[in-house]
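Right, one structure below, let's go through it.
So you know, we letter chains A, B, ... as the sequences are listed, proteins then strands, and number each from 1.
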Amino acid sequence: MDAYHASNTSLLCKKDSPAMTPYSAADIEEKWQHAWDNARVFHATREGGKPKYYVLEMFPYPSGRIHMGHVRNYTMGDVVARYKIATGHNVLHPMGWDAFGMPAENAAMAIGGHPKDWTYGNIDDMRAQMKPLGLSIDWSREFATCDPEYYGQQQALFLDMLEQGLIYRKNAVVNWDPVDMTVLANEQVEQGRGWRSGALVERRELTQWFFKISDYSEELLSALDGLENWPAKVRLMQENWIGKSRGLQFSFERVDGGEPIEVYTTRPDTLMGASFVGISPDHPIAKTLEAGNPELATFLAECRKVGTTEEAIETAEKLGHDTGLRVKHPLNPDWELPVWIANFILMDYGTGAIFACPAHDQRDLDFCRKYDLPVIDTFQALENPKPVERHAFVPPKTENVQWINHFAGLDQATGQEAIDKTIAFCESHGIGTGVTKYRLRDWGLSRQRYWGCPIPVVHCDSCGVVPERKQNLPIELPYDVTFDQPGNPLDRHPTWRGCTCPECGDPALRETDTMDTFVDSSWYYARFTAPHADTPTDMAEANYWMNVDQYIGGIEHAILHLLYSRFFARAMHLTGHLPAKAIEPFDALFTQGMVTHEIYLTRDANNRPLYHLPEEVTDGKLADGTPVEIIASAKMSKSKKNVVDPINIISAYGADTARWFVLSDSPPERDVEWTAAGADAAHKHLSRVHRLTSQIIADPAEAATQGADEALLREMHKTIHDVTVGIDSFGFNAAIARLYAFTNTLAKSKAGSDTKHKAATTLAQLMSPMTPHLSEELWQMLGHKGLITTAPWPEADAALLVDDTITLPIQINGKRRAEISVPADMDKSEVEKAALAVDAVIKALDGARPRKIIVVPGRIVNVVI
RNA sequence: GCGGGCGUGAUGGAAUGGUAGACAUACCAGACUUAAAAUCUGGAGGCCGAAUGGCCGUGCGGGUUCAAGUCCCGCCGCCCGCACCA
C-alpha cells in the first residue's frame with residue numbers, strides 16, 4: 001500500500017456495530033479547531049489568579065513551506081502548552097515570523113517581485129499550513145519582524161541602547177563582495193568566494209555599527225552557571241565561544257629604542273623558549289614600516305588578499321617577513337630576538353603581537369622550520385639563554401617551568417599552577433601584568449541590505465552622525481525600490497535618504513545600512529508579552545509573563561541567537577524595558593533533534609545522482625520499475641529530495657497522526673527518522689483507540705470478572721503517573737510507549753463497563769496533549785461535557801500505584817535464578833525466609849548457610865553463597 | 001589540536017546501581033476471509049536441548065560492588081562543537 005495516500009475508509013470491521021463510525025481525521029480535526037477558536041481557549045490572559053506559564057518555540061523564517069522539523073518543534077511546544085493548560089496555568093504560547101533577511105531579496109532578484117510581497121505571501125501560506133496542526137497558539141499575538149510596528153520599536157530600542165553607550169561606530173575589517181557590493185557574513189563565504197556572485201571576497205575596512213556585547217563577557221559567562229535547565233552542551237558551547245583566558249601581558253624593548261612591542265601570552269612559562277617576536281600584518285608597526293619599503297608593502301598586500309573567513313584562514317599558507325627589527329628578551333637583555341610579520345597573527349586578539357615558542361607550539365614550529373628560525377630548548381636556555389640550538393621538537397609538557405622554579409626559587413609547579421606562579425613572578429619583577437581576555441568580539445550589526453530594519457540615524461554635514469528622534473519612528477523602508485543592480489537599493493533611492501537633521505534642522509542623509517537579522521530575533525520573546533504596545537514592551541505585561549518558562553528550538557542556535565538574546569535581555573533591563581528577573585530570558589531550554597529520512601537516487605549517463613522523492617519510491621523501485629540506491633537517513637533537505645511534506649501527511653492521515661509519530665520512538669533531543677511504516681503504525685494506533693472506545697460505549701452493561709476492575713484501575717493510575725512524569729521531563733517517547741502499553745491492557749481487560757469507560761476517558765486525556773483532536777472526539781463520544789483541552793489533568797492515586805502483591809526476583813550470587821510472589825509490605829526477615837524456601841535456593845545452598853542475603857525492598861533479593 | 005557526547009536484538013529505542021531488550025517497526029505462525037487488505041490471537045536476543053533447563057549476551061580489555069548497560073581506568077569506533085585565539 002502506498003502509505004502516503006492511505007485511505008481512512010474501510011476501517012470498519014465486521015465485529016463493529018454498523019452504527020460505529022470509523023476514525024476519520026478529516027472529519028474531526030477542523031471541527032475541533034473551530035471549537036477551540038470559538039471558546040478562545042488559547043487566548044492568553046492574566047486572569048483567574050492562576051500561575052503563568054510561557055512556552056515558546058523558536059519562530060520560523062517564512063520560507064513559504066512548513067517542513068517536518070517545524071512540525072516536530074511546534075508539536076513539542078504544544079504538548080507542553082496543553083499539559084500546562086490542563087494543570088491549571090495561564091499559558092502564553094505565541095507564534096510569529098522572523099521575516100527579514102536575504103532570501104526575500106534574492107527571490108526578488110531571481111524571480112522579480114518585491115521582498116515585502118514575497119514575505120507576506122509566504123507568511124499567509126505558512127500560517128495556512130500550520131493551522132491544520134491544531135496548535136494551541138494565541139494567534140492574536142502574531143507579528144512579523146518586518147511589520148513597521150515591530151521594527152519601529154526595535155529602532156526605539158536601538159536609540160535607547162545608543163544612549164546607554166551599548167552601541168558604537170568603528171572601522172572594522174569585513175568580507176566584501178566586490179560584485180554584489182555588499183558585506184557578507186562569514187557563513188556566506190564559500191571557499192573564499194561570495195556564495196551568490198562567485199566573486200573573490202576581499203577584506204575591506206568599513207565603518208560599522210557595533211553592539212558592545214564584549215562589555216558583558218564576564219557576566220554572560222558567569223551567569224551560565226545559573227542556567228540549570230539548559231542543556232550542558234549549550235552552556236559549554238557558549239563558554240567556549242566567550243573564551244575566557246588568563247595570561248601575561250608584557251613588552252619587548254626594542255634594540256633601536258623605538259616603541260616597545262607589547263605581547264600577550266597564556267603560556268608565560270614558555271618564555272625561555274622564545275624564538276622570535278611576531279606581529280600581525282595589521283599591527284601599527286607593520287603599517288609604519290610599510291611606508292618606505294616596497295618589498296614589505298607587496299608582502300602586506302598579499303596578506304590582505306586572504307579573506308577573513310575560517311575557510312580562507314585554514315587553507316592559507318603561513319607567510320612571514322623579517323622586519324629587521326630586534327628586541328631584547330625581558331629576562332636577559334643580552335638575548336636578542338628578531339621581529340617578524342606573520343600572517344597568522346590576528347590584530348583583534350590579544351595585542352596583535354606574540355612571542356613564538358616553537359618548542360611548545362606546533363604552529364610556531366612550522367613557521368620556524370619554514371623560515372629557518374631557531375628552536376630553543378627551554379632546558380638549555382636555563383644554562384645558556386642564547387638561541388644556539390636548532391633541533392627537534394620538545395614535548396610541550398610542564399617540565400619547562402624549571403626555569404621559573406630556578407629564577408624564583410619556587411617549588412616544582414606544573415600546569416595551571418605553574419602559569420599562575422609565573423605570572424606572579426613576572427609581576428613582582430616588573431615584567432608585565434596578569435591579564436584576563438575574552439575571545440568574544442563586539443557584534444557588528446550593519447548590513448548593506450534593503451530587507452532589514454533601518455538603522456535610525458542620520459548623517460549631517462555639520463552635526464555628524466545624529467540619532468533620529470523617537471517621535472519620527474518608525475523609519476519605514478520605502479516600497480519603491482529596484483533590484484536590477486547589485487548593492488543596496490536604499491543607496492540609490494531617489495528621495496528616501498533625504499531628511500532633516502534632528503539637531504540643527506539642516507538637510508541631512510539617512511543611514512542606509514540596515515540591522516543584522518539576528519537583532520530582530522534577540523527580543524521578540526519580550527515583544528510577545530505585549531505585541532502592540534507603543535513602547536518596545538509593556539512593563540506590567542513583561543513582569544507578569546517573563547521569563548519564558550520553556551524555550552524549544554534547534555541546537556544550531558546554541559551560540560549566536562541564544563547569546564545575543566541573553567545580551568539583549570540585559571540591555572533591555574538597562575534601558576528600562578524588562579524587569580531585572582528577565583536578564584536571563586529563558587528559564588529552561590530544550591534543543592530538539594532533526595527529522596531525517598532515507599535518500600533515494602538513481603544515476604544518469606554520467607553517473608551523476610538523480611534524487612527521488614519518497615512518494616515516488618515503492619519497495620525500493622520507481623513507478624517504472626527502476627531500482628533506486630538507498631542512502632542512510634539524513635536531515636530532510638530539498639536538494640536531496642528526502643522530504644516529506646507535512647501537508648501530504650495531514651491530508652492522508654490527519655494532524656494527530658503526524659504529531660503522534662514525531663513524538664514516538666526517538667527521544668526528543670535525538671534525530672527521528674521519518675518512515676512511511678512508522679506513520680502508518682501511528683495512524684493504526686489512533687484508529688485502534690477510537691475503535692476501542694466505540695466498543696466500550698457500545699456495550700454499557702458488560703460485567704467484570706473477579707479482580708479485573710481493580711487491576712485495570714491500578715494500571716490506569718500507574719499510566720497517569722508515568723505519562724505525567726514523561727511529559728514533565730521531555731520524555732515524550734517514553735510517555736507514548738506507556739500509552740501504547742495501557743491501550744493494550746485496556747483492550748485485553750475483563751473489567752466492567754464502568755471501569756473501562758473510566759479508563760478510556762483517562763486514556764483520551766493522557767493522549768490529549770499529543771492528539772488533541774482525537775481526544776476531544778473521544779471525550780465527546782464518552783459523553784463528557786465541555787472540552788477535554790480545558791478539563792483538569794488526571795491525578796494519580798498514590799495508593800493505587802503500589803501493588804499489594806509483588807514479584808521479587810531471586811538472585812543467587814548476582815544471577816537471577818527464580819522469583820517469588822510476596823505481599824508488598826512484607827518485612828525483610830520474612831522476605832529472607834521466603835527466599836530461602838525457594839527450591840532453586842535450597843538446591844544451590846546444598847545444606848550450607850548463605851554468606852549473606854541482600855534484600856532490596858520491592859526490588860530484588862540476592863543470596864550470596 | 002582542544003572540548004563534549006554516544007556505542008543495547010534485524011531496526012527505532014526502554015531500563016532511580018537491582019528481573020537487560022519495555023513500547024513500536026520489520027519478521028514468523030494461527031483465527032476471520034473464496035482471497036487479499038484490515039482486524040484479532042500468539043511467537044521471537046544468541047547458542048545447546050524433545051523439554052524442565054543450562055551457558056553466553058549492552059563496542060573491546062580491566063576494576064569497584066552482594067549486584068554494572070548504568071560508576072571508575074585504559075583502548076577502539078562513530079557523531080557534534082570550537083580553533084592560525086598566542
- Item | Interatomic distance at C1', B/G12 relative to B/G18, whole Å | 27 Å
- Item | Min side-chain heavy-atom separation A/Ile812-A/Val841 under 4.5 Å | yes
- In terms of base orientation, is B/G45 syn or anti, with the syn window spanning 90° either side of 0? anti
- Item | B/A29 and B/G13, which share atom name P, separated by this distance in whole Å | 29 Å
- Find the distance A/Met237:CE to B/C82:P and express it as a whole number of Å. 6 Å
- Message: Nearest whole Å is fine: how far is B/G54 P from A/Lys843 NZ?
- Response: 8 Å
- Item | Test ring pair (Phe, Tyr, Trp, His ring centres under 6.0 Å) applied to A/Phe276 and A/Phe367, A/Phe252, A/Phe355, the passing residue | A/Phe367
- Query: Side chains of A/Val234 and A/Phe590: closer than 4.5 Å at any heavy-atom pair?
  - Reply: no
- Query: What nucleic acid atoms does A/Lys437 come within less than 4.0 Å of, heavy atoms only: base, sugar-phosphate, or nothing?
  - Reply: nothing
- Query: Taking only N and O in the side chain of A/Tyr349, is any of them less than 4.0 Å away from OP1 or OP2 of B/A86?
  - Reply: yes
- Task: Please measure how far the C1' atom in B/U8 lies from the corresponding atom in B/G45, and state the result in whole Å.
- Result: 10 Å
- Note on the structure: Writing each nucleotide of RNA chain B 5' to 3' as (, ), [, ], | or . by Watson-Crick or G-U pairing under 3.5 Å yields (((((((..(((.....[....))).(((((.......))))).((((....))))..(((((..]....))))))))))))....
- Gap between atoms CD and P, on A/Glu669 and B/G5 respectively (whole Å): 14 Å
- Note on the structure: Taking B/C40, B/A38, B/G4 as options, the one with an atom nearest any side-chain atom of A/Arg688 is B/C40
- P spacing across the pair B/A10 / B/A31, given as an integer number of angstrom: 29 Å
- Could you tell me how the ring of A/Tyr600 sits relative to the ring of A/His597: parallel (under 30°), tilted (30 to 60°) or perpendicular (over 60°)? perpendicular
- Item | A/Phe344, nearest nucleotide to its side chain (from B/A86, B/C84, B/A83) | B/C84
- Message: When you measure only distances, ignoring hydrogens and angles, does the side chain of A/Arg439 come within 3.5 Å of the base of B/C82 through a donor and an acceptor?
- Response: no
- Heavy-atom nearest nucleotide on RNA chain B taken for A/Ile736 and for A/Asp671; more 5' hit belongs to A/Asp671
- A/Lys635 side chain near B/C80 phosphate (N/O to OP1/OP2, under 4.0 Å): no
- Note on the structure: Rounded to whole Å, the NZ-P distance (A/Lys748 to B/C40) equals 10 Å
- Message: Heavy-atom count check: over 12 atoms from other residues, nucleotides or ligands less than 6.0 Å from A/Asp699 CG?
- Response: yes
- Write down the distance separating the P atoms in B/G57 and B/A20, rounded off to the nearest Å. 13 Å
- Task: Measure from CG on A/Asn813 to P on B/C55 and round the result to the nearest Å.
- Result: 12 Å
- Task: Taking only the side-chain heavy atoms of A/Asn862 (C-beta and beyond), determine which of B/A67, B/G81, B/U19 contains the nearest atom.
- Result: B/A67
- Query: Distance-only, no hydrogens or angles: does the A/Ser217 side chain make a donor-acceptor pair with backbone N or O of A/Ser214 under 3.5 Å?
  - Reply: yes
- Task: Over 60° means perpendicular and under 30° means parallel, so classify the ring planes of A/Tyr740 and A/His685, tilted if in between.
- Result: tilted
- Query: How would you label the contact of A/Leu808 with the nucleic acid (heavy atoms, under 4.0 Å): base, sugar-phosphate, or nothing?
  - Reply: nothing
- Closest listed nucleotide, where the reference is the side chain of A/Ala681 and the choices are B/U19, B/A24, B/A14: B/A24
- Task: Using a cut-off of strictly less than 4.0 Å, decide whether A/Asn744 has a side-chain nitrogen or oxygen near OP1 or OP2 of B/A24.
- Result: yes
- Message: Using 30° and 60° as the class boundaries, would you call the ring planes of A/Tyr653 and A/His683 parallel, tilted or perpendicular?
- Response: tilted
- Could you check which of B/G81, B/A14, B/C84 has an atom nearest any side-chain atom of A/Arg670? B/A14
- Tell me what A/Gln811 touches on the nucleic acid: a base, only sugar-phosphate, or nothing, going by heavy atoms under 4.0 Å. base
- Has the side chain of A/Asp671 got a donor or acceptor atom that lies under 3.5 Å from a matching backbone atom of A/Gly593? no
- Taking the side chain of A/Arg816 as heavy atoms from C-beta outward, which of B/C66, B/U19, B/G12 is closest to it? B/U19
- Message: Does A/Tyr740 reach a base, just sugar-phosphate, or nothing at all? Heavy atoms under 4.0 Å.
- Response: sugar-phosphate
- Task: Give A/Ser664 one of three labels, base, sugar-phosphate or nothing, depending on what nucleic acid heavy atoms sit under 4.0 Å from its own.
- Result: nothing
- Within the structure shown, what part of the strands sits under 4.0 Å from A/Val856 by heavy-atom distance: base, sugar-phosphate, or nothing? base
- Note on the structure: Among the nucleotides B/G4, B/G18, B/U19, whichever has the atom closest to the side chain of A/Leu236 is B/G4
- Query: How far, in whole Å, is B/C55 from B/U11 if one measures between their C1' atoms?
  - Reply: 27 Å
- Counting side-chain heavy atoms from C-beta on, which of B/C40, B/A24, B/C84 comes nearest to A/Asn343? B/C84
- B/G3, B/C85, B/G54: which one has an atom nearest the side-chain heavy atoms of A/Arg817? B/G54
- Check the distance between B/A67's P and A/Ile860's CD1 and give it to me in whole angstrom. 12 Å
- Which nucleotide in the set B/C23, B/A86, B/C84 lies at the smallest distance from any side-chain heavy atom of A/Ala741? B/C23
- Can you check the A/Ile242 CD1 to B/C85 C1' distance for me, whole Å? 15 Å
- Could you work out the separation of B/G69 and B/G59 based on their P atoms and round it to a whole Å? 10 Å
- Task: Look at the side-chain N and O atoms of A/Lys233 and state whether any lies under 4.0 Å from the OP1 or OP2 oxygen of B/G5.
- Result: no
- Just how far, in rounded Å, is C1' of B/C2 from CG of A/Asn240? 8 Å
- Message: Using atom C1' in both nucleotides, what's the gap between B/C48 and B/U39 to the nearest angstrom?
- Response: 39 Å
- Message: Ring-plane angle category for A/Tyr23 and A/His690, please: parallel below 30°, perpendicular beyond 60°, tilted otherwise.
- Response: tilted
- Task: Measure from NZ or CZ of A/Lys437 to the centre of the six-membered ring of A/Tyr264, then state whether that distance is under 6.0 Å and the direction lies within 45° of the axis.
- Result: yes
